[in-house]
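Here is the structure we will look at, set down as structure tokens.
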Amino acid sequence: MNTTKNTTAAEPELIVKPKRERFSGILVHPTSFPSPYGIGDMGPGAYAFLDFLEATGQHLWQVLPLGPTGFGDSPYQGFSAFAGQPLIISPDKLIELKLLTKEDVADNPAWDPHKVDYGPAIQYKTKLLKKAWAAFAHTPDKSLLEAFELFCEREAYWLDDYALFMSCKDYHEGRRWLEWEEELVNPTEKTKKLWREKLADSIHYYSFVQFIFEKQWEELREYAHEKDIQIIGDIPIFVSLDSCDVWANKKFFQLDTKGFPLCVAGVPPDYFSATGQLWGNPLYDWDYQKETGYIWWIDRIRRQLQLTDYLRIDHFRGFEAYWSVPAEEETAINGQWVKGPGVDLFKAIENALGEDLPIMAEDLGVITPEVEHLRDTLGFPGMKVLQFGFGDMNDKNYVPHFYKTPNCICYTGTHDNDTTMGWYHTQPELIKDRVRRYGNTSGDMVSLDFIRFCFASIAKYAIFPIQDLLVLGSEARMNTPGVAAANWAFRYTEHDLNHDRKEWLLKTTQLFGRD
């Protein structure tokens with residue numbers, strides 16, 4: 001036994017912070033943030049939201065797809081799977097860069113603070129972006145110019161085709177690329193070069209807009225990380241036919257020689273629709289994708305993980321098998337299940353980007369054991385939506401006390417659901433009674449009850465749309481699937497995230513060990 005005294009100074013005790021096992025956060029798209037410019041953006045309203053997350057012990061912020069939207073304003077039907085949404089660029093941040101002046105925004109209309117009116121908002125924001133672009137051409141800020149050149153060089157693998165595509169689309173007054181002249185429908189590199197020279201100014205503008213989006217998003221994400229907040233991104237499994245992705249990469253899709261889809265995506269008839277859902281997205285040529293080492297998908301995932309920390313993939317079941325409908329069909333009835341790439345795709349992505357991909361699987365709907373096996377083999381957490389559990393008296397998959405693993409995300413509802421208050425008020429008395437007895441509650445503020453159910457569950461991740469924290473009804477719904485108009489418009493105001501909401505959420509988060 002050594003009895004020699006240690007006379008050296010005692011080293012300070014190293015305090016190791018325990019690894020967090022339970023997370024919670026809020027689902028809200030940037031278009032919903034408070035902003036004086038008609039649509040939410042990456043300005044002060046976004047930073048105030050991150051402050052609110054920190055103050056309430058949240059560590060997750062989930063967004064919808066961040067790409068540029070087309071007809072219908074849906075984030076799930078965009079012009080590019082790689083580009084950013086110009087509409088959420090902050091004019092206030094452009095003023096800080098001296099690319100806009102306060103006089104440039106002096107004619108800002110009086111907007112509805114609760115709703116996005118996309119038509120006028122697009123016109124107004126585009127006008128501001130073009131003013132900023134004009135100022136950028138004369139900026140004395142050499143570091144900004146250098147950063148732009150570096151951005152264009154680094155992101156050329158998608159940016160070059162995207163800027164050309166959008167410029168050609170403007171040149172053809174917005175018509176889809178299948179209606180352009182033949183030389184542009186299937187352009188050679190020589191043709192692309194000629195059109196790049198012809199539309200050089202427009203191409204520079206679209207490149208500038210993407211640079212500004214990237215700059216503002218990087219700053220916002222860095223601010224989130226300073227507050228120990230991680231961002232969950234979102235991508236749809238399929239892309240829009242009228243997109244740069246299809247136009248510039250036709251071999252990756254099931255198209256005929258003229259560029260039209262041979263078969264399109266959808267889902268078969270079910271309880272909700274006797275004719276199924278015909279989405280119309282072109283399907284992937286998975287054989288060719290495999291021949292190329294899945295390079296397009298690797299690039300896509302890499303790009304999205306430059307922007308976000310996690311990535312939710314919509315319609316994950318399509319990787320196991322997808323519903324293929326002949327393009328000439330008017331409904332989804334006459335489709336068939338076709339095997340997808342399965343684990344092979346994700347192993348290729350892992351080999352390129354590293355193991356333990358931070359991917360979350362949207363595994364809702366009719367899910368087979370094969371889909372569950374694929375999800376679990378890859379270790380991806382799936383989704384548990386409380387509205388589904390309480391709305392179906394026989395479905396145990398989504399009711400918290402039946403969860404079998406913490407490796408899942410518990411949601412009160414998603415962007416496709418009604419708000420929890422709106423949902424509850426449309427339910428039969430039998431369902432309402434079940435909810436009240438389950439939570440020992442009156443049901444008067446059922447959305448807060450559902451948040452508590454999420455937080456109390458064993459799920460590693462608990463997420464709720466901001467509308468549920470604000471106890472809002474159906475008027476605040478983000479999207480109604482199958483309805484073309486009046487979606488994606490919800491906004492909240494800076495006064496909605498008040499002291500009472502902050503205190504309730506912080507105490508609830510602490511109570512269930514998610515802070």
Side-chain angles (χ1 to χ4, degrees), residues 17-28 32-33 48-63 224 227-232 310 360 381 383-390 398-403 406-415 417-425 432 434-473 476 478 492-515:
K17 195 173 182 180
K19 183 179 179 181
R20 186 176 294 108
E21 298 293 340
R22 290 166 65 77
F23 298 79
S24 60
I26 299 179
L27 166 60
V28 57
S32 296
F33 288 147
F49 171 72
L50 291 174
D51 291 341
F52 179 83
L53 289 182
E54 181 188 39
T56 56
Q58 309 309 301
H59 296 281
L60 298 173
W61 168 29
Q62 182 171 336
V63 298
K227 296 180 174 297
D228 198 15
I229 295 163
Q230 294 184 301
I231 303 173
I232 303 174
Y310 295 88
M360 297 173 169
M383 293 175 57
K384 307 288 188 182
V385 179
L386 292 185
Q387 288 185 24
F388 296 159
F390 288 98
Y398 303 115
V399 182
H401 62 271
F402 286 113
Y403 294 176
N407 192 34
C408 63
I409 315 110
C410 182
Y411 290 87
T412 57
T414 74
H415 64 278
N417 293 103
D418 199 348
T419 67
T420 297
M421 292 298 291
W423 168 85
Y424 178 78
H425 288 301
K432 291 181 179 178
R434 184 188 188 199
V435 171
R436 291 192 295 264
R437 287 188 292 111
Y438 191 90
N440 191 27
T441 178
S442 68
D444 292 342
M445 300 186 79
V446 70
S447 60
L448 300 187
D449 296 326
F450 268 39
I451 292 174
R452 286 194 297 104
F453 297 168
C454 274
F455 280 31
S457 75
I458 66 169
K460 183 175 182 178
Y461 310 97
I463 298 174
F464 55 89
I466 198 167
Q467 294 94 318
D468 284 350
L469 178 65
L470 302 181
V471 197
L472 297 175
M478 191 63 167
Y492 70 90
T493 71
E494 59 181 317
H495 304 294
D496 289 330
L497 298 181
N498 56 38
H499 177 75
D500 289 343
R501 290 283 171 265
K502 183 184 296 184
E503 286 296 301
W504 181 89
L505 182 55
L506 176 60
K507 290 178 179 179
T508 303
T509 306
Q510 292 172 335
L511 178 64
F512 295 109
R514 295 186 180 272
D515 59 320

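For the pair Thr419 (side chain) and Gly473 (backbone), a donor-acceptor distance under 3.5 Å is present. Side-chain atoms of Gln510 do not come within 3.5 Å of backbone N or O of Gly57 as any donor-acceptor pair.
Aromatic rings of Trp61 and Phe49 (six-membered ring for Trp) have centroids within the 6.0 Å cut-off, being under it.
You'll find the side chain of Asp228 stays beyond 4.5 Å of the side chain of Glu54, heavy atoms only. For the pair Leu27/Met478, no side-chain contact is recorded, criterion being any heavy-atom separation below 4.5 Å from C-beta on. Inter-residue side-chain proximity for Trp504 and Met445 is flagged as unmet; no heavy-atom pair is nearer than 4.5 Å. You'll find the side chain of Met421 reaches within 4.5 Å of the side chain of Val446, heavy atoms only.
Of the residues listed (Phe453, Phe390, Phe388), the one engaging Tyr398 in a ring pair (Phe, Tyr, Trp, His ring centres under 6.0 Å) is Phe388, and it is the only one. Exactly one of Arg514, Gln58, Lys460 qualifies for a side-chain hydrogen bond (donor to acceptor under 3.5 Å, both in side chains) with Ser24. That residue is Gln58. The one candidate from Tyr461, Phe512, Tyr310 that meets the ring pair (Phe, Tyr, Trp, His ring centres under 6.0 Å) condition with Phe23 is Tyr461.
With rounding to the nearest 0.5 angstrom, the CG atom of Leu50 is 6.5 Å from the CZ atom of Phe33. A distance of 10.5 Å separates CE of Met360 from SG of Cys408, quoted to the nearest 0.5 Å. Separation of atoms NZ (Lys384) and SG (Cys410) is listed at 9.5 Å; rounding is to 0.5 Å. Atom-to-atom distance recorded for Asp496:CG and Thr493:OG1 is 3.5 Å, nearest 0.5 angstrom. Here the CG atom belonging to Leu469 is positioned 11.5 Å from the OG1 atom belonging to Thr420, to the nearest 0.5 angstrom. Separation of atoms CZ (Phe455) and CD1 (Ile463) is listed at 9.5 Å; rounding is to 0.5 Å.
Among all heavy-atom pairs drawn from Cys454 and Thr412, the shortest one is SG-N, 3.5 Å. Gln387 and Asp418 get closest at one heavy-atom pair: NE2-O, 3.0 Å.
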Candidate pair Phe450 and Tyr424, rule ring pair (Phe, Tyr, Trp, His ring centres under 6.0 Å), full reasoning: CA-CA 11 Å; Phe450 268 39; Tyr424 178 78; 8.0 Å; no
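A salt bridge links Asp51 to Lys227: at least one charged side-chain nitrogen sits closer than 4.0 Å to a carboxylate oxygen.
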